[in-house]
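I have placed the structure first, in the form of structure tokens, so that the comments after it can refer back to it.
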Amino acid sequence: MFNSNNLNRLFGRTRGRSKKKIDLTKYYQTVAKYKFQNFNKKVDYILDIGTGYGETSIFLAKQFSEKVVISCEKYIDGNIMLLKNIEKNKINNIRLHNGNVYDVLESTNQKCFGLVWIFFPDPWPKNRHAKRRLITTDFLIKIHKLLKKDCKIYIATDSMIYTRFILNSIYNCRDFFIWLNQCEINLDIKDYFNIETKYYKKAINSQRKPSLFILRKL
Ligand SMILES: C[S@@+](CC[C@H](N)C(=O)[O-])C[C@H]1O[C@@H](n2cnc3c(N)ncnc32)[C@H](O)[C@@H]1O
């Protein structure tokens, strides 16, 4: 189903730094139980991209129990935590794609998503790595076609470099999206959601103030 010739390569780590051994056979068996397979036209989907340890997917699944959250992440240590929390909380509305979000985006041309969350995408601050950034003008235009009417995209970042890059992409896509919270003084995540992901906590501990950008499809 997924396009294995994906040109949008996924960079970054698949395993954590800990030397702890993982039983990969067991891991892939559990992934198979919750694996995202195909889109169902009757279902309203939430796309959660780069979920790390899965806090956002659990939050969204609880908040929107009538919708299905597609959680995209290739970081195995993070997915193990997500899968544990799915089972612990008896959650039945999360489907995991253990890989690149582009596989999911390229598997459909339907307007499937009612909501998109992208919390702390990797900033790739060095100029020579800028091409690795997920949120670009092309990405926003590509995803626009797959969004339902009035769909919102929530993007959180604590990187000044990425903030400028995201704002530039939003500006380039002004015919596709309206930036809803641009007039507000405060772009604080906590003004909208009570959620603390690993990277949110990292930012706060390092005295970097994260910003949340809210876009709505035009
Ligand atoms: C900085 S971490 C943020 C994790 C989490 N959202 C948080 O707030 O703690 C970014 C994550 O995005 C994942 N990621 C980056 N590009 C991706 C892509 N194209 N598809 C799926 N996941 C991606 C990485 O593997 C990484 O775990």
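Remember, it's 1-based here, ligands and their atoms both numbered in the order they're listed. Residues take their numbers from the sequence shown, with the count starting at 1. On a predicted model such as this, the values are computed, not experimentally measured, just so you know.
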Tell me which one of Y75, Y200, F120, F59 satisfies ring-ring contact (aromatic ring centres under 6.0 Å, His included) with Y53. Y75
Option passing ring-ring contact (aromatic ring centres under 6.0 Å, His included) with Y154 (candidates F119, F213, F193): F193
Quiz question: by atom type and distance under 3.5 Å, do the side chains of D122 and Y162 form a donor-acceptor pair? no
Side chains of Y45 and Q110 only: does a donor on one sit below 3.5 Å from an acceptor on the other? no
Would you mind listing each N/O atom of ligand 1 next to any protein N/O under 3.5 Å, plus the distance?
unit_1	atom_1	unit_2	atom_2	d
ligand 1	6 (N)	G50	O	2.8
ligand 1	6 (N)	F119	O	2.8
ligand 1	8 (O)	T197	OG1	2.7
ligand 1	9 (O)	T197	OG1	3.3
ligand 1	9 (O)	Y199	N	3.1
ligand 1	19 (N)	N100	OD1	2.9
ligand 1	20 (N)	V101	N	2.9
ligand 1	25 (O)	E73	OE2	2.6
ligand 1	27 (O)	E73	OE1	2.7
ligand 1	27 (O)	E73	OE2	3.1

Out of L96, L47, D103, which one pairs with C72 under the side-chain contact (heavy atoms from CB on, under 4.5 Å) rule? L47
Considering only residues two or more places apart or on different chains, which pairs with a residue in residues 46-66 satisfy salt bridge (charged side-chain N to carboxylate O under 4.0 Å, His left out)? none
